[in-house]
There are 2 protein chains.
Amino acid sequence: MSCSDVVERRLRAVGLRVTAQRLAVGEALLHAADHRTAEEVQARLQVESAQPVSLATVYRTLHTLVEHRVVGHLDRGRGSAVYEWLDPQHPHHHALCVDCGVEVEIAPRLLERFGRAVMAESRFTPFLDHLALVGRCAACEAQTRSG
Amino acid sequence: MSCSDVVERRLRAVGLRVTAQRLAVGEALLHAADHRTAEEVQARLQVESAQPVSLATVYRTLHTLVEHRVVGHLDRGRGSAVYEWLDPQHPHHHALCVDCGVEVEIAPRLLERFGRAVMAESRFTPFLDHLALVGRCAACEAQTRSG
DNA sequence: CTTATTGCAAAAGATTTGCACTCCA
DNA sequence: TGGAGTGCAAATCTTTTGCAATAAG
């Protein structure tokens, strides 16, 4: 199954019309190892794709895809927001150390348990497949305590 | 100890100069039950304070206070960023519905439990005193499932 | 066919910045 | 007194929107 097929299936799965622009934007994010800003997505399409997409459409497409949880959206408050393809089969999260910047893996089990508890007690369904946690890794935390 | 004193002490504690504008901005956030945008802070000062502050200074002051962890910053990604006075004794969580934008209160107990579990099993110390969760409120989630 | 989607360009905001002046430490 | 802080207005920058044309289902 090609990358294009992956995107197309995902679009249909959430009930969205399949357009050349949405496929292009989706593939740009699917191919990206890291996250991309809207402008980076568009720039990539200018170079690598036969389908140039206007920036307005990139924004509209990203917004739509985020709404349908096909892509994740992260706004760290500085400059542009970033987006990334979400794989329902492999949920992930961002646990970023404020001191050294390392990304730490968090056991999905913990997130699931937390999510269920929140749903049960707070009448809110958190999207934990793309949670952005900030904190300290073990090494930096130890250093903070000793120092 | 007056509210003004609370702000002043905090400013001095982090090594910042004490100015009428910083006191005013700090008090505006300290008095706010919820969080405020920069414009809301300024508007409040026009009405309630003898110290009007330019919007540029409000932004600069907020930025400075956030840097010194006196104030918390939250960017909903839509519209303006919001700020709030940080009180270590009263952690504040944000659970924002992606569909209707409502903010839902999450029981602090759940976050504490989650934080302890993460620390114990994942060697990461999450900062949960100002966590921003994204998801759907009960109403929008029900609508999504039925629709 | 019917309605959603797109492109273009202009608009809308939110936040920042240059510069001269003011005030805290 | 010196350097940080402030006001004003213009500038920047990201994201949104109106409208006519186009394309998906």
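Everything quoted here is computed from the prediction, not taken from an experiment. Proteins get letters first, then strands, A, B, ... in listed order; numbering begins at 1 in each.
Closest to the side chain of A/Ala56, from the set D/dT17, C/dT5, C/dT6, is D/dT17. With D/dC8, C/dC8, D/dT14 as the candidates, the nucleotide lying closest to the side chain of A/Ser80 is D/dT14.
The nearest whole Å value for the distance from the CD atom in A/Gln21 to the C1' atom in D/dT22 is 10 Å. When the C1' atom of D/dT14 is taken as reference, atom OH of A/Tyr83 falls 10 Å away, rounded to whole Å. Rounded to whole Å, the distance from CD on B/Gln42 to P on C/dT15 is 13 Å. Taking atom CG on A/Leu65 and atom C1' on C/dT5, their separation rounds to 13 Å, with Å as the unit. For the pair B/Leu62 CG and D/dG5 P, the computed distance is 14 Å after rounding to whole Å. Between the P atom of D/dT14 and the CG atom of A/Leu55 lies a distance of 10 Å, rounded to the nearest Å.
Looking only at atom types and distance, the side chain of A/His35 has a donor-acceptor partner in the side chain of A/Glu84 under 3.5 Å away.
Note on A/Arg60: a base of the nucleic acid sits closer than 4.0 angstrom, heavy atoms only.
The side chain of A/Thr57 contributes no N or O atom lying less than 4.0 Å from OP1 or OP2 of C/dT6. Phosphate proximity of C/dC24 to B/Arg22: absent, as no side-chain N or O sits under 4.0 Å from OP1 or OP2. Distances shown here put a side-chain N or O of B/Tyr59 below 4.0 Å from the OP1 or OP2 atom of C/dT15.
The side-chain contact (heavy atoms from CB on, under 4.5 Å) with B/Val53 is formed by just one residue from the set B/Val58, B/Thr61, B/Val41; it is B/Val58. Put simply, the residue from B/Gln42, B/Gln46, B/Gln21 that forms a side-chain contact (heavy atoms from CB on, under 4.5 Å) with B/Pro52 is B/Gln46.
By the 4.0 Å N-to-carboxylate-O rule, B/Arg44 lies too far from B/Glu40 to be salt-bridged with it.
The residue among A/Arg17 and B/Val53 whose nearest nucleotide of DNA chain D lies closer to the 5′ end is B/Val53.
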